[in-house]
Amino acid sequence: MLSLLYQEGPSTEGIFRRSGSAKTCKELKDKLDSGAEVDLACESIFVTASLFKDFLRNIPGSILSSQLCDKWVSVMDQGNNEEKIKSIQRLIEQLPRANIVLLRYIFGVLHGIEMRSEENQMNAFNLAICIAPSLLWPPVSSTPDIESEFTKKISSLVQFLTENCCRIFGEEITSLFGEV
């Protein structure tokens with residue numbers, strides 16, 4: 001999925017914003033869940049993006065860990081960018097190894113898409129609005145006003161992560177997919 005998003009996402013206008021066919025997404029999700037072979041290259045890239053966001057939303061406790069939710073939310077309230085980056089790196093180190101690896105690939109994809117935002121209309125802000133709710137959610141439900149404020153903060157965090165991913169994860173993030 002990520003390789004396909006890395007290849008096609010940068011040249012696809014509205015990637016992660018437009019949804020794939022709900023019926024196709026459900027059928028493919030059922031196939032994937034049953035362990036059947038699925039050739040996503042034959043599907044719309046919007047279906048792949050929708051499936052990927054669904055996959056992220058189904059990670060127990062979220063990829064950024066709902067247990068660290070308050071710490072993630074407070075990162076953007078810290079001083080300068082250098083302090084934010086250091087805080088983010090410390091939080092990332094607290095995540096399970098599998099989460100860290102997946103995050104590196106996710107932000108490698110987002111970085112590639114952002115680099116061609118004039119073509120795809122998906123700058124770091126737009127990407128964050130679309131993907132942030134799939135990366136972290138509060139451990140308990142709350143009022144719509146509190147959830148709205150939370151979403152704004154997490155979107156700001158994801159925008160910052162996307163814009164600074166090379167400094168946060170290392171320059172090699174741009175070559176994780178090799179020569180695809």
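The basis for the numbers below is simple: all heavy atoms, side chains too, and nothing from hydrogens, waters or symmetry mates.
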*Asks:* Distance alone, cut at 3.5 Å: any donor-acceptor contact between the side chains of S3 and Q7?
*Replies:*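 Yes.
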*Asks:* Do you reckon V75 sits in the same ILVMFWY cluster as I129, going by side-chain contacts under 4.5 Å, direct or chained?
*Replies:*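 Hydrophobic grouping puts V75 apart from I129.
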*Asks:* So does F16 get a backbone contact from the side chain of K53, meaning a donor-acceptor N/O pair under 3.5 Å?
*Replies:*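 Side chain of K53 to backbone of F16: a pair is present.
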*Asks:* Test side-chain hydrogen bond (donor to acceptor under 3.5 Å, both in side chains) on T162 and E114 and set out the steps.
*Replies:* CA-CA 8 Å; T162 303; E114 181 203 19; over 6 Å; no
*Asks:* Hey, does L2 have a side-chain heavy atom less than 4.5 Å from the side chain of L176?
*Replies:*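 No; the side chains remain at least 4.5 Å from each other.
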*Asks:* In this structure, are over 12 heavy atoms from other groups packed under 6.0 Å from D77 atom CG?
*Replies:*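 Correct, the count exceeds 12.
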*Asks:* Looking at R18, I'd like to know if its CZ atom is crowded, meaning that more than 12 non-hydrogen atoms belonging to other residues, nucleotides or ligands lie closer than 6.0 Å.
*Replies:*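 No, not enclosed.
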*Asks:* Less than 4.5 Å apart, any side-chain heavy atom of K71 and any of Q94?
*Replies:*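 Yes, their side chains come closer than 4.5 Å.
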*Asks:* Please identify each residue that fulfils side-chain hydrogen bond (donor to acceptor under 3.5 Å, both in side chains) with S74, with sequence neighbours left out.
*Replies:*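 If we apply the side-chain hydrogen bond (donor to acceptor under 3.5 Å, both in side chains) test to S74, skipping adjacent residues, there are no hits.
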*Asks:* Measure the shortest side-chain to side-chain distance between S50 and V47 over non-hydrogen atoms and say whether it is less than 4.5 angstrom.
*Replies:*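 Answer no - side chains too far apart.
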*Asks:* Could you give the distance from CD (E82) to OG (S87), rounded to the nearest 0.5 Å?
*Replies:*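 Interatomic distance, E82 CD to S87 OG, rounded to 0.5 Å: 10.5 Å.
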*Asks:* Okay, side chain of S66, backbone of G61: is any donor-acceptor separation there less than 3.5 Å?
*Replies:*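 Between the backbone of G61 and the side chain of S66 there is a qualifying donor-acceptor contact (under 3.5 Å).
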*Asks:* Considering only heavy atoms from C-beta outward, does the side chain of I59 approach that of L102 to under 4.5 Å?
*Replies:*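 Yes - at least one pair of side-chain heavy atoms lies under 4.5 Å apart.
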*Asks:* State yes or no: do V73 and I88 share one hydrophobic cluster built from I, L, V, M, F, W and Y residues joined by side-chain heavy-atom distances below 4.5 Å, directly or via other members?
*Replies:*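 In one cluster with V73: I88, yes.
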*Asks:* When you measure from the side chain of N120 to the backbone of I113, do you find a donor-acceptor pair of N or O atoms at a distance under 3.5 Å?
*Replies:*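 Yes.
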*Asks:* Does E118, at its CD atom, have more than 12 non-hydrogen atoms belonging to other residues, nucleotides or ligands within less than 6.0 Å?
*Replies:*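 No.
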*Asks:* Check whether any side-chain N or O of N58 sits under 3.5 Å from a backbone N or O of D54 as a donor-acceptor pair, and report yes or no.
*Replies:*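 Such a contact is found between N58 side chain and D54 backbone.
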*Asks:* Does the side chain of I63 come within less than 4.5 Å of I106's, by heavy atoms?
*Replies:*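 SC-SC contact between I106 and I63 confirmed.
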*Asks:* Answer yes or no for R104 and F169: cation-pi contact, defined as NZ/CZ to six-membered ring centre under 6.0 Å and angle to ring axis within 45°.
*Replies:*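 No; the conditions do not both hold, so R104 does not lie above the ring face of F169.
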*Asks:* Applying side chain to side chain contact (heavy atoms under 4.5 Å, CB included), name anything that partners K26, two or more places apart in sequence or on another chain.
*Replies:*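 Expected list: D30.
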*Asks:* Given side chains that start at C-beta, do those of I15 and I45 come closer than 4.5 Å, heavy atoms only?
*Replies:*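 Contact flag for I15/I45 side chains = yes.
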*Asks:* Do the side chains of F125 and M115 join up, straight or via other hydrophobic residues, at under 4.5 Å, putting them in one cluster?
*Replies:*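 No: no chain of side-chain contacts under 4.5 Å links F125 to M115.
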*Asks:* I would like to know whether Q89 and E93 meet side-chain hydrogen bond (donor to acceptor under 3.5 Å, both in side chains); could you show each step before the answer?
*Replies:* CA-CA 6 Å; Q89 288 171 328; E93 289 171 5; over 6 Å; no
*Asks:* To the closest 0.5 Å, what do you measure between CG (N126) and CD (Q159)?
*Replies:*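 One gets 9.0 Å once the value is rounded to the nearest 0.5 Å.
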*Asks:* Can you establish whether the number of heavy atoms outside Q67 located under 6.0 Å from its atom CD is more than 12?
*Replies:*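 Not buried by this count: 12 neighbours or fewer within 6.0 Å.
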*Asks:* Please round to the nearest 0.5 Å and tell me the distance separating atom CD1 of I154 and atom CG of L136.
*Replies:*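 Those atoms lie 4.5 Å apart.
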*Asks:* According to a 4.5 Å side-chain heavy-atom criterion applied to Ile, Leu, Val, Met, Phe, Trp and Tyr, with indirect links allowed, do L68 and F107 form part of one hydrophobic cluster?
*Replies:*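 In one cluster: yes.
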*Asks:* So how far is it from L4 CG to F177 CZ, rounded to the nearest 0.5 Å?
*Replies:*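 Result: 10.5 Å between the selected atoms.
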*Asks:* Distance from I146 atom CD1 to T151 atom OG1, nearest 0.5 Å?
*Replies:*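 The distance works out to 12.0 Å.
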*Asks:* Begin from the C-alpha positions of L103 and L64 and carry the test side chain to side chain contact (heavy atoms under 4.5 Å, CB included) through to its verdict.
*Replies:* CA-CA 9 Å; L103 278 173; L64 291 174; 3.6 Å; yes
*Asks:* State, to 0.1 Å, how close P133 and A128 come at their nearest heavy-atom pair, and which atoms those are.
*Replies:*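 Where P133 meets A128 most closely, the heavy atoms are CD-O, 4.1 Å.
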*Asks:* Test side chain to side chain contact (heavy atoms under 4.5 Å, CB included) on K153 and M76 and set out the steps.
*Replies:* CA-CA 8 Å; K153 288 183 178 189; M76 296 310 292; over 6 Å; no
*Asks:* Locate the shortest heavy-atom distance separating S65 from L95; write the atom from each residue and the value.
*Replies:*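 That would be CB-CD2, 3.7 Å.
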*Asks:* Can you tell if the side chain of L32 reaches within under 4.5 Å of the side chain of F55, non-hydrogen atoms only?
*Replies:*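 When only atoms from C-beta onward are counted, F55 and L32 do not touch, as no gap falls below 4.5 Å.
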*Asks:* If you apply the rule side chain to side chain contact (heavy atoms under 4.5 Å, CB included), what do you find for L51 with L40, and how did you get there?
*Replies:* CA-CA 10 Å; L51 282 171; L40 291 174; 3.9 Å; yes
*Asks:* Of the non-hydrogen atoms in S134 and W137, which two are nearest, and what is the gap between them?
*Replies:*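 Heavy-atom minimum between the residues: O-CZ3, 3.5 Å.
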*Asks:* Are any of the side-chain nitrogens in K86 or E83 under 4.0 Å away from the carboxylate oxygens of its partner?
*Replies:*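 Looking at K86 and E83, the cut-off is not met.
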*Asks:* Starting at CG of L110, measure out to OH of Y105 and round the result to the nearest 0.5 Å.
*Replies:*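 If I round to the nearest 0.5 Å, the distance is 14.5 Å.
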*Asks:* Counting C-beta onward and ignoring hydrogens, is there a side-chain heavy-atom pair between C166 and T174 closer than 4.5 Å?
*Replies:*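 Side chain of C166 against side chain of T174, heavy atoms only: contact under 4.5 Å found.
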*Asks:* Where do S117 and M122 land on the side chain to side chain contact (heavy atoms under 4.5 Å, CB included) test, with the steps shown first?
*Replies:* CA-CA 5 Å; S117 62; M122 295 302 288; 5.5 Å; no
